[in-house]
Amino acid sequence: MTDGHIIIVIPTYNERENIKPLVSGINAVLPEAKILFVDDNSPDGTASVIKELQRDNPDILLIKREAKLGLGTAYIEAFRKILQERLAEIIVTMDGDLSHPIEAILPMVNLLNSNDLVIGSRYIKRGEIKNWPLHRKLLSYFANMYARSLINIPFHDMTSGFMAIKASVLSEINLNQINSDGYAFLIELKYLISRIGNKISEYPITFTERRLGKSKLSSK
């Protein structure tokens, strides 16, 4: 599988400061991969930075939406575009705040040789979270434990947004049936992929709290 068959999907909202280092890091690891940003009309001008980079790199794509419509609909809109236009065979999803380790993309993609979905996991052996306060670690840990027990699938990091997925797998799912958003969307997507019998594995990652900008995690 060559870089040109891979697309990185990154939803953004107020990530202006992170776009250039993120693109630079991805290009260093996968120089021929496409990058598809889905920006929810960020008031800080995130989309203008992306458009500036597009002038020199035709592999940078942008879906600019008119309002803050949420993580779930951002991914669904990106998935539909990729499938309809046959932009790639492998889809990688990741956050736009540099919290996901770029160096893990390639080993996760390589694991798709024997899997259909690979989850970048904080909660398996050698997985780690850096710079989170204790209350946030506990919230995330118990949310994942609750989700696993509720829907009875064995993966440890149900709320991870860092994934490598075969496009052919997404084409088997009715994206219209997904009604959840935010972290619930990430759980539902994994559940739907597992329910149709696909092979899924987890790859240990070190998740690092964002360096720039403000976290979007709310008490809700």
Side-chain angles (χ1 to χ4, degrees), residues 1 3 5-11 22 25-26 29-30 33 71-72 74-76 78-79 82 88-132 136-173 175 178 180-210 217:
M1 183 66 62
D3 294 3
H5 294 286
I6 300 168
I7 191 165
I8 320 290
V9 178
I10 306 172
L22 182 57
I26 292 171
V29 174
L30 294 167
L71 182 72
Y75 274 129
I76 289 173
F79 294 161
I82 293 165
E89 297 175 26
I90 289 176
I91 300 166
V92 175
T93 66
M94 65 189 303
D95 292 349
D97 59 5
L98 301 171
S99 58
H100 292 146
I102 294 170
E103 64 274 12
I105 296 175
L106 193 54
M108 287 171 61
V109 166
N110 287 337
L111 282 172
L112 289 177
N113 289 326
S114 54
N115 294 278
D116 301 300
L117 164 67
V118 177
I119 302 166
S121 180
R122 301 161 288 183
Y123 298 119
I124 60 174
K125 187 176 180 180
R126 299 193 308 277
E128 188 180 358
I129 297 174
K130 288 186 177 179
N131 302 332
W132 264 12
R136 191 167 176 184
K137 288 182 179 179
L138 291 173
L139 173 64
S140 177
Y141 178 81
F142 284 110
N144 275 283
M145 187 168 66
Y146 173 72
R148 285 200 310 273
S149 63
L150 188 67
I151 59 181
N152 194 31
I153 57 177
F155 316 117
H156 296 81
D157 202 337
M158 295 295 296
T159 59
S160 174
F162 193 21
M163 298 177 284
I165 316 166
K166 289 179 178 175
S168 59
V169 169
L170 285 180
S171 68
E172 298 175 20
I173 295 172
L175 296 174
I178 302 179
S180 54
D181 199 8
Y183 292 105
F185 167 81
L186 298 170
I187 295 169
E188 186 174 1
L189 180 65
K190 294 178 182 72
Y191 169 73
L192 291 173
I193 291 173
S194 68
R195 192 177 67 176
I196 55 179
N198 291 290
K199 190 172 181 183
I200 302 172
S201 70
E202 293 182 271
Y203 179 83
I205 64 163
T206 297
F207 178 98
T208 305
E209 173 66 336
R210 62 165 55 245
L217 180 70

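- Put simply, CZ on F207 and CG on D95 are 6.0 Å apart, with the number rounded to the nearest 0.5 Å.
- The distance from atom CD1 of I105 to atom CG of N110, rounded to the nearest 0.5 Å, is 12.0 Å.
- Listed by chain and residue number, R122, N144 satisfy the side-chain hydrogen bond (donor to acceptor under 3.5 Å, both in side chains) test with T159 (two or more places apart in sequence, or in another chain).
- Within the 4.5 Å cutoff, the side chain of N198 has no heavy atoms near those of the L117 side chain.
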Atom pairs and distances, donor-acceptor, side-chain atoms in residues 164-172, under 3.5 Å, two or more places apart:
{"from": "K166", "atom 1": "NZ", "to": "L112", "atom 2": "O", "distance (Å)": "3.3"}
{"from": "K166", "atom 1": "NZ", "to": "N115", "atom 2": "O", "distance (Å)": "3.3"}
{"from": "S171", "atom 1": "OG", "to": "S168", "atom 2": "O", "distance (Å)": "2.5"}

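- Here the closest heavy-atom approach between residue I124 and residue P204 is recorded as CD1-N, 3.6 Å.
- By the 4.5 Å heavy-atom criterion applied to side chains, I102 and L22 are counted as neighbours.
- Partners of Y123 according to the side-chain hydrogen bond (donor to acceptor under 3.5 Å, both in side chains) rule, which considers only residues two or more places apart in sequence or in another chain, are S140.
- Looking at heavy atoms from C-beta onward, L71 lies in side-chain contact with D181 at the 4.5 angstrom threshold.
- With hydrogens and angles ignored, the 3.5 Å screen pairs a side-chain donor or acceptor of D97 with a backbone N or O of S99.
- With rounding to the nearest 0.5 Å, the separation of CE in M158 from OH in Y183 is 14.5 Å.
- Annotation: ring pair (Phe, Tyr, Trp, His ring centres under 6.0 Å) contacts of F79 (sequence neighbours excluded): Y75.
- At least one side-chain heavy atom of M163 sits less than 4.5 Å from a side-chain heavy atom of T93.
- Of all heavy-atom pairs spanning S201 and L111, the tightest one is OG-CD1, 4.4 Å.
- Nearest approach of V9 to A78, heavy atoms of both residues: CG1-CB, 3.6 Å.
- Here the side chains of V92 and L30 are not in contact, with every heavy-atom distance at 4.5 Å or above.
- The list of salt bridge (Lys or Arg N to Asp or Glu O under 4.0 Å) pairs with a residue in residues 188-203, not counting sequence neighbours, is empty.
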side-chain contact (heavy atoms from CB on, under 4.5 Å) evaluation trace for I173 with I193: CA-CA 7 Å; I173 295 172; I193 291 173; 3.3 Å; yes
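- Scanning for side chain to side chain contact (heavy atoms under 4.5 Å, CB included) contacts around T206 gives E128, K130, T208, with sequence neighbours left out.
- In terms of heavy-atom proximity, S121 sits nearest to D157 at OG-CB, 3.4 Å.
- With values rounded to the nearest 0.5 angstrom, H5 atom NE2 is found 9.0 Å from I90 atom CD1.
- Partners of P101 according to the side chain to side chain contact (heavy atoms under 4.5 Å, CB included) rule, which considers only residues two or more places apart in sequence or in another chain, are E103, A104, F162, I205.
- The side-chain hydrogen bond (donor to acceptor under 3.5 Å, both in side chains) search around S160 returns none, not counting sequence neighbours.
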